Amino acid sequence: MRLAARGHLCPVCIRPAPAGTCDEHGTWKPHQLLTTADRRRCGRRRWQPFQPAAQACPRCLGEVAESRTGFTCVDHGHDQDPHGPYRVDELLAPTAQRVSAAARLRLTRRRQVRRREPISVSLHLPDPARSARVVISASIVAGTLAFLVR
């Protein structure tokens, strides 16, 4: 198993945290910070409705289970880039989970807006030959009516 990737994003607001410090949410340990792969995963998941757990993985907001070394993420515990082990004070509480889920929802919406295909405007003009036949037919009908009225 390889070592966990080094993250650079705050797990709550998903903004860059240089040297592990977020201006809004304080200092984080390197294994708590989100990586770019975690950010991409955030954009693919559905975040509403969100029900916070008592304690959650700071990288994916998934469930955690206690192991011999601490708490590990149930969803990504056996992944190439494992989430954990975490100590109890390194897990996210319900309030931080809600804030993080809202930030991840904004990230998902932003990604969906960028992926939308441009709207193509196409004008369906009638066939010129058919249009000419309709105009000629209308002029014959109008001429006939004008003749009958006199």
Side-chain angles (χ1 to χ4, degrees), residues 1-139 141:
M1 185 186 305
R2 69 171 231 216
L3 293 173
R6 303 288 270 181
H8 62 280
L9 301 168
C10 173
V12 177
C13 63
I14 312 177
R15 292 189 182 123
T21 304
C22 176
D23 295 335
E24 236 179 286
H25 302 103
T27 305
W28 298 96
K29 299 211 169 130
H31 66 284
Q32 290 175 290
L33 295 172
L34 271 71
T35 62
T36 49
D38 293 332
R39 183 180 173 135
R40 277 193 300 270
R41 250 186 248 123
C42 291
R44 292 186 207 121
R45 187 171 160 196
R46 186 179 167 144
W47 292 101
Q48 289 299 338
F50 179 75
Q51 291 295 327
Q55 295 172 329
C57 173
R59 289 180 56 190
C60 67
L61 298 184
E63 294 182 28
V64 291
E66 191 171 4
S67 66
R68 284 184 251 154
T69 57
F71 289 88
T72 57
C73 182
V74 173
D75 296 334
H76 301 282
H78 303 289
D79 200 8
Q80 289 180 349
D81 182 17
H83 296 183
Y86 302 107
R87 293 190 330 239
V88 172
D89 62 337
E90 295 173 340
L91 299 171
L92 291 184
T95 304
Q97 291 175 41
R98 283 188 201 98
V99 173
S100 184
R104 293 165 195 242
L105 176 66
R106 285 191 299 274
L107 180 72
T108 302
R109 286 183 181 161
R110 203 174 315 131
R111 184 175 183 175
Q112 288 172 349
V113 167
R114 287 182 186 154
R115 291 178 117 199
R116 287 188 185 154
E117 295 180 15
I119 299 171
S120 63
V121 177
S122 61
L123 299 174
H124 296 288
L125 298 174
D127 183 31
R130 184 169 184 262
S131 299
R133 285 195 306 266
V134 169
V135 170
I136 291 170
S137 300
S139 64
V141 169

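Quantities reported herein were computed from a predicted structural model and do not represent experimental measurements.
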Non-neighbouring partners of [X] that pass side-chain hydrogen bond (donor to acceptor under 3.5 Å, both in side chains), sequence neighbours left out:
X	answer
Ser139	none
Ser67	Thr69
Gln32	none
Asp127	none

Tyr86 vs Arg59, test: side-chain contact (heavy atoms from CB on, under 4.5 Å). Steps then yes/no.
CA-CA 11 Å; Tyr86 302 107; Arg59 289 180 56 190; 3.5 Å; yes

Please find the pair of heavy atoms, one from [X] and one from [Y], that lie closest to each other, and give the distance.
X	Y	value
Leu91	Pro58	CD2-CD, 4.3 Å
Val12	Leu92	CG2-CD2, 4.2 Å
Cys22	Ala17	N-CB, 4.1 Å
Cys42	Leu34	SG-CD2, 4.1 Å

Reported CG-to-SG distance for the pair Leu33 and Cys10, which is rounded to 0.5 angstrom
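Here the interatomic distance stands at 7.5 Å.
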
Measure the NE2-CG distance between His83 and Leu61 for me, rounded to the nearest 0.5 Å.
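His83 atom NE2 to Leu61 atom CG measures 10.5 Å (nearest 0.5 Å).
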
Keeping to residues at least two apart or across chains, list the side chain to side chain donor-acceptor pair (under 3.5 Å) pairs with something in [range].
range	value
residues 39-55	Asp38-Arg41
residues 19-28	Arg15-Glu24
residues 96-110	Ser100-Arg104

Would you call Cys73 and Pro82 a side-chain contact if the rule is heavy atoms closer than 4.5 Å?
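Result no, sub-4.5 Å side-chain heavy-atom pair not found.
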
